[in-house]
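Lettering follows sequence order; numbering is per chain, from 1.
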There are 2 protein chains.
Amino acid sequence: MTVTIYDVAREAGVSMATVSRVVNNNPNVKPQTRKKVFEAIERLGYRPNAVARGLASKKTTTVGVVIPDISNAIFAEVARGIEDIANMYHYNIILCNADKRKDKEIRVVNTLLEKQVDGLLFMGGTVTDDHLQAFKTANVPIVLCATTDEHGTMPAVDIDHEAAAYDAVKALIEQGHRSIAMISGTLQDPANGYARFQGYKRALEDAGIAYDESYVRVGNYRYESGVDAMKYFLELPKRPSAVFSATDEMAIGAVHSIQDFGLKVPEDISVMSVDNTRMASMVRPKLSTVAQPMYDIGAVSMRLLTKLMKKENVEQARVILPHELISRQSVRAL
Amino acid sequence: MTVTIYDVAREAGVSMATVSRVVNNNPNVKPQTRKKVFEAIERLGYRPNAVARGLASKKTTTVGVVIPDISNAIFAEVARGIEDIANMYHYNIILCNADKRKDKEIRVVNTLLEKQVDGLLFMGGTVTDDHLQAFKTANVPIVLCATTDEHGTMPAVDIDHEAAAYDAVKALIEQGHRSIAMISGTLQDPANGYARFQGYKRALEDAGIAYDESYVRVGNYRYESGVDAMKYFLELPKRPSAVFSATDEMAIGAVHSIQDFGLKVPEDISVMSVDNTRMASMVRPKLSTVAQPMYDIGAVSMRLLTKLMKKENVEQARVILPHELISRQSVRAL
DNA sequence: CTGTTAGCGCATTCAC
DNA sequence: GTGAATGCGCTAACAG
C-alpha cells in the first residue's frame, strides 16, 4: 500500500540508511548513489512519513499556536505573521482557538504538547498560575504573543498597552481636549482592558484633569458596544468633547452613534482609538488611532521561538514592539 | 526524561497494554485496575505521545487546511467554522496559507500529506489538473471548501456564486434600476471573479438590458480598487444609477467614492454587494448585500470531511449552501 | 479482564 | 561512503 524507505532501498539496491541519508540531504553519499536513490523515489512515488520521522528524531517541525479567535481581524493578522515566519523556517503550525477561556486554553496546550510540537506560541487572556503550571510541564519552549504574565518570567512579545493608551489620550489633551471619555474593554482583560484604562487615567492625571467615573463605560470590543457606550455619553449633562476607545471597532460604533445623534465627528466630538485595523481607514471620517503592529508581533514571536527551539541564546526574551500614533480625520483641535 | 507508557505500567504494576487500554478508554478494564493506572499516570505526570500513537495506529487526528490568506476576514471566518467542528470531533488542524498560488498550494498539500493528516480541506484559487494530480496521490479524503473544480469530481462545499450575483443584480433591477455598473473581481478567479460576473450578465440579459462594457471595472477585492472603479463610473457621460460590487470591501470603497464626489448613497446612486462581512453593517449607510455563509461553509465542509474520514457513506458529496439577500440601506427604488 | 509480541517508518549510532 | 542493528512510544492482534 504505502511505500516506505525500505521499498526505496530495495528498488535502488542500497540500504535504508542510505536512503535516509539522501532524503535528509546528508552530504556523505556518493553523487551516483544519490542519483540512483532519487530515481527510485521518483519511480515509486515515495513520500517520507513525517510521523515516523518525528518519533525517531524527536522533532516534528510543527509548532502549536493557541489563539483567542481566528475570526477576529486582530488575531488573524498576528496569525499571518506567525505563519509566514514559521513557513520561512520550515515549520508548520497547529492552530487552536481558545476564546480566552482558561479551561480551554489549558486543555489545548496539553493536546498540543501531546502532539509533540517543537514549540508553542500562546496568545490568550490572562496568564494565570494554572497556565504557568501547564507550561512548566512542557519541555519545549513557549513564548507569549500579544500577552504577558504578571510575573514577567516567560519569553514574550507584545506592545506596551498602557503607553499606547497614554499616548492616544495625551494626543487628545494636546489638542486642547479636557473632557475626555473612554470606552474601555473589560478590566479583567489585563492587556486590552486594564492596561489601556490605566494609560487613560495616567494621561489625565499628568495633565491635571480630574478622573470622572461617569466618563468611562466598559464595552466588549465590538461595534455595538461602542454605539451603546457613546449613547450614554451623549446623554450626559456635560458631554465630553472627545472619546477614547480601546478598539477601532468600538470607535466606529461611537462615530455612528454621534452621527445618528445629529452631531459631527470631529467637529462636535473627536474620536481616537487603538488598533489601526484595516477598517480604520475604511470609514469616514478616517479614524485617528494608535497603530499596533500585529503582524510584527506574530512574526517576531515566531522568530523568537525558532531561536529558542534551536537553543540559540537570545539576549532579549521579552520584547516590546513600538506603537505609533496615526493622525487621520476623527480628531480636531479644540 | 520523558515518562512513557512503560513507566506507568511498572508504577501501576500492570502491563503496558493495560495502560494503553485505560488511556484509550477501552471498557475492558476492571475499575480497580483502571484506578491504579490513573493514579500512576497522575503520580508520574504521564502524557501520551501522539506521534508514537500516530505511527502505531496510522491515525493522527489532525487535518490539514490550506487557505489563501488567514488575515482575510472572509477566509478567517471559514477557518473558524472549520476549527469549531474539528474541535467538536477531536481533530486538530494544521493551517497553511498559500495565497492562491498554485506552486505553493501544491507544495503545502504535499507536506501536509507527509505529516499524515487524516484528511485535507482545500481552499484556493483555481483547482487545476496539477492540483488534481497531487490530490490523487493522497490516500486520505480531501474536500474543497469555498472552491470547486471545473470537472466537478471532488467533494466540495461552496455557494453558487453565479446565482448569488444574479440575485443581487435582479434585486437592483426590481427596484427599477436599468443602468447598473459592476465592480468585478478578476475574471481569472473562477468563483469570486468569473462566476459573479456571469451572474451579473445573465441578470441583465433576463431583464432585456443591454450589456455595456464600459459599465464593468475589474478590481482586486480591496477597498482602494472599489474607490478607483467608482471614480471611473462617476466620470462616465451617462452615470449608472446603481453599482453592483463583487465584494463588500470594494462596495464600501465605492460608497466613499460617491460621497466624496458630492453625491449620496442611496439617494443618488445605489450600491449592492456580495459577502455580508461584519463590516457591511458597520458602515453608513449600511450595505445591502447578498450574504454568504462563510462560517457554515467551513463547518459543513469539515463535517463532510469527518464523515469521509470515518468512511461513512455520504449521500451528497457536493453541497451548495444557500445565499440570502440582505436589504439594508444602500439601495433605493428608482 | 490482562499480558505478550510484533511491528508502525524512520534516524542514528556503530562498524566496515 | 555504506550497511546492519537498535529503538523512538505506542497500538493491535492474539493468547490466556
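- Axis deviation across the helix from C/dC1-D/dG16 to C/dC16-D/dG1 amounts to 30°, comparing end segments of five pairs, rounded to 10 degrees.
- Counting non-hydrogen atoms under 4.0 angstrom, A/N28 reaches a base of the nucleic acid.
- Residue whose closest nucleotide on DNA chain D sits further toward the 5' end, between A/P27 and A/Y6: A/P27.
- The nucleotide range of DNA chain D contacted by chain A, defined by atoms under 4.0 angstrom from heavy atoms of the protein and reported 5' to 3', is D/dG1 to D/dG9.
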Let me see the working for A/K58 and B/T2 under side chain to side chain donor-acceptor pair (under 3.5 Å), right down to the final yes or no. CA-CA 11 Å; A/K58 295 175 168 300; B/T2 74; 5.0 Å; no

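- You'll find the ring centres of B/F122 and B/H131 inside the 6.0 Å limit.
- For the pair A/T4 and C/dG9, the criterion of a side-chain N or O lying under 4.0 Å from OP1 or OP2 is not met.
- Between B/L304 and B/Q316, the closest heavy-atom pair is CD1-O, 4.3 Å.
- Residues forming a salt bridge (charged side-chain N to carboxylate O under 4.0 Å, His left out) with B/D103 (at least two apart in sequence, or on another chain): B/R101.
- A donor and an acceptor atom, one from each side chain of A/R47 and B/N110, are located under 3.5 Å apart.
- Of all heavy-atom pairs spanning A/G64 and A/L112, the tightest one is CA-CG, 3.8 Å.
- Take B/D69 and apply the salt bridge (charged side-chain N to carboxylate O under 4.0 Å, His left out) test, not counting sequence neighbours, and it matches A/R80.
- Taking the charged nitrogens against the carboxylate oxygens, A/D158 and A/R318 have no contact shorter than 4.0 Å, which rules out a salt bridge.
- To the nearest angstrom, P of C/dT4 lies 14 Å from CZ of B/R10.
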Give the intermediate values and the outcome of side chain to side chain donor-acceptor pair (under 3.5 Å) for residues B/Y295 and B/D84. CA-CA 10 Å; B/Y295 180 93; B/D84 279 355; 2.5 Å; yes

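- At a threshold of 4.0 Å, the pair A/E105-A/K100 does not count as salt-bridged, since none of the basic side-chain nitrogens sits closer than that to a carboxylate oxygen.
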Can you tabulate the close N/O pairs, meaning under 3.5 Å, that link protein atoms to atoms of nucleotides 11-13 of chain C?
| from | atom 1 | to | atom 2 | distance (Å) |
| --- | --- | --- | --- | --- |
| C/dA11 | OP1 | A/N24 | OD1 | 3.3 |
| C/dA11 | OP1 | A/N24 | ND2 | 3.0 |
| C/dA11 | OP1 | A/R53 | NE | 2.8 |
| C/dA11 | OP2 | A/S20 | OG | 2.6 |
| C/dA11 | OP2 | A/N24 | ND2 | 3.3 |

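- Contact annotation for A/V14: backbone-only contact, meaning every heavy-atom pair under 4.0 Å involves sugar-phosphate atoms and none involves a base.
- Judged as a side-chain hydrogen bond (donor to acceptor under 3.5 Å, both in side chains), and not counting sequence neighbours, B/T148 has no contacts.
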